[in-house]
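Here is the structure we will look at, set down as C-alpha cells.
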Amino acid sequence: MILGLDFGMDREYKTGPIEGYIEQIAYLNKFRERRERLFQTLTDREREILTRIASGLSNSEISTSLDISVYTVQNHRARIRDKLRISHQTEFVTYALAFGLINF
Amino acid sequence: MKHLTEKELLERYQFYTLQFEERLQEGEDFETLSKSLPCIMHLSDSETLKIVEVNSTFTNEVGYEIEEIQANWLQYLVNTVHPNTIASVGSFLPKFYKKDHPSRVKAFMQYARLKNQDEFSPFMSFTKASRLPCGRVLWIVFSAEQIGKKRKNIERLIKMDEFKLNHFQQFQSLTNREIEILQLLANGYDNPAIAEMLFLSRMTVETHRKNINRKLNLKCARDLMRYAFAFNLVEL
C-alpha cells in the first residue's frame, strides 16, 4: 500500500532491483568464458545461421533469407548443435546473447 | 565513469549512498553535502515514501521545488513517476526499509519524466534503510540514458529493465506454478524432466506450457529468454 492506493501487488518475486540484472549479465559473461573455445569452432556461415535461429526465425525463413535449401539449414543446425553441445532450444539464444550475436 | 563495468558502477553508487547517509547522520547539511556529487538527491519518509527534502540538482533537473511537491504530492507523483514504478517500488521499498540492514543499499530502476516532458525515461536509483532522524531515507538518482549514451554495457541493463516495465502486467498474470515452469524451461529442462521434478504428468506440463505461451505471447525461445533474463529467472 502506498498512501492508501492499493495496486494489488501481493506476490513477491525476485525483480525490480538492479542487482538482479547484474546477476543475469554475470551469468552471460560466465557462460561466454566457459564456452569460448567451443564457439570458436564455428564457421562464419554457422555463426550467421546461429544468429538467425536465436532471433526466432524458422528453418524455412532462414533458408529464404540466405537463399539456401531447408535441408542445408537443417544440416547446419545439427552441426551447430553438436559443436556447441547444445542440449536445449534456449541455449541457442543464450549463446547468441553471450557472444553478442543478438541484442537483448 | 568511463571504464566501469555495470557491477563497478553499482558498487560505486552504493558506496556513495552509504557514505552520504553517514555524513547526514553526523549532522552535515543536506544541500552542502549534495554539492559533492552532481546527482539528483532527495530525502523521503520511509513509510509513506513521500519526498520531504530535495537538493538543488533535483529542482534544476526534475523541475519542482519542495514546496510544490509537498503541496500536491499525488499530483507530483502521477506527473513524474510511471505507474508501474509506483506499483513495484511501493510494494518492495517499505518492506526493505523495515528490514533495516545497516549496510544494505537497494538499487533499482525507476521510470520518471521531468517537468513538461512527455516520455518517461529510466533513472537508476539508490536508497538505504536509514539511521536518519524522523524515519527519513536518502535517495540518490541519476539518468540511466545519460550514462548509457557513453557506455554500451549500461544499455543492456536499460533494455532488460525496459522489457520488464513493458511486460510487467503479462508476467503478473502468471500463476506461481507457471512461473516455476517458466524458470525450469529457461534453465534448460525439457518437459519430461519438469514433469518428473514437479511430480506432474507430461500432459499437465504441456498444458501449463501452452498457457504460458499464450499469456506471455511467446513465439520462440528468444521471447522466453527475454522474460527469463528480465525477471531474473536464470541461475548460475
Side-chain angles (χ1 to χ4, degrees), chain A residues 1-35 50-59 61-62 77 81 84-104, chain B residues 5-7 9-10 48-50 73-74 77 83-96 106-109 124-126 153 155-157 159-164 168 171-172 176 179 185-190 219-226 228-236:
Chain A
M1 294 276 280
I2 172 173
L3 305 172
L5 302 170
D6 188 342
F7 290 89
M9 292 206 39
D10 22 84
R11 182 188 10 230
E12 194 162 13
Y13 49 84
K14 305 180 275 176
T15 74
I18 289 169
E19 288 108 335
Y21 305 135
I22 307 265
E23 267 174 46
Q24 302 292 262
I25 290 172
Y27 172 88
L28 281 172
N29 290 337
K30 199 130 209 191
F31 186 93
R32 186 189 176 130
E33 271 170 49
R34 286 191 187 148
R35 314 289 178 110
L50 174 60
T51 307
R52 283 164 171 77
I53 295 174
S55 304
L57 296 181
S58 70
N59 282 356
E61 285 167 339
I62 297 175
R77 196 184 187 120
R81 202 173 247 265
L84 299 185
R85 318 230 175 119
I86 287 174
S87 54
H88 197 257
Q89 181 59 24
T90 55
E91 270 190 78
F92 285 104
V93 181
T94 313
Y95 262 102
L97 282 172
F99 289 91
L101 299 177
I102 56 172
N103 288 322
F104 182 78
Chain B
T5 63
E6 293 101 326
K7 189 158 192 222
L9 189 76
L10 186 75
T48 61
L49 304 185
K50 263 189 184 183
W73 169 241
L74 279 178
L77 206 59
N84 285 357
T85 297
I86 298 178
S88 71
V89 170
S91 81
F92 74 74
L93 214 46
K95 288 180 206 165
F96 167 74
K106 196 71 146 176
F108 56 94
M109 202 76 88
M124 285 178 84
S125 313
F126 297 81
N153 42 17
E155 262 188 58
R156 188 155 49 166
L157 214 134
K159 287 238 163 76
M160 284 168 94
D161 198 75
E162 249 168 24
F163 183 89
K164 184 187 289 172
F168 194 74
F171 189 80
Q172 277 285 72
N176 286 337
I179 293 184
L185 288 167
N187 284 291
Y189 295 96
D190 60 8
K219 301 276 170 67
C220 58
R222 183 184 188 175
D223 293 341
L224 193 155
M225 291 311 278
R226 274 187 163 141
F229 283 114
F231 291 90
N232 198 12
L233 302 176
V234 181
E235 284 167 2
L236 249 136

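Of all non-hydrogen atoms in A:His88 and B:Gly188, the two that sit nearest each other are CD2-O, 3.5 Å.
Of the inter-residue distances, the one linking A:Thr90 atom OG1 with B:Leu185 atom CG reads 8.0 Å to the nearest 0.5 angstrom.
Applying a 4.5 Å heavy-atom cutoff, the residues of residues 50-58 of chain A that approach chain B are A:Ala54, A:Ser55, A:Gly56. Close approach to chain B, defined as a heavy atom under 4.5 Å from one of its heavy atoms, is seen in A:Thr94, A:Leu97, A:Ile102, A:Asn103, A:Phe104 of residues 94-104 of chain A, taken by number.
Paired with A:Tyr21 under the rule side chain to side chain contact (heavy atoms under 4.5 Å, CB included), one option of B:Met160, B:Arg156, B:Lys159 passes, and it is B:Met160.
Partners of B:Phe126 by ring-ring contact (aromatic ring centres under 6.0 Å, His included), not counting sequence neighbours, listed by chain and number: B:Tyr13. Residues forming a side chain to side chain donor-acceptor pair (under 3.5 Å) with A:Glu91 (at least two apart in sequence, or on another chain): A:Arg35, A:Ser87.
Looking at B:Phe163, the atoms closer than 4.5 Å to chain A (heavy atoms on both sides) all sit in the side chain, from C-beta outward.
Highest contact tally toward chain A, considering only B:Lys219, B:Met124, B:Arg226, is held by B:Arg226 [criterion: heavy-atom pairs under 4.5 Å].
At distances below 3.5 Å, at least one donor-acceptor pair connects side-chain atoms of A:Gln24 with backbone N or O atoms of B:Val234.
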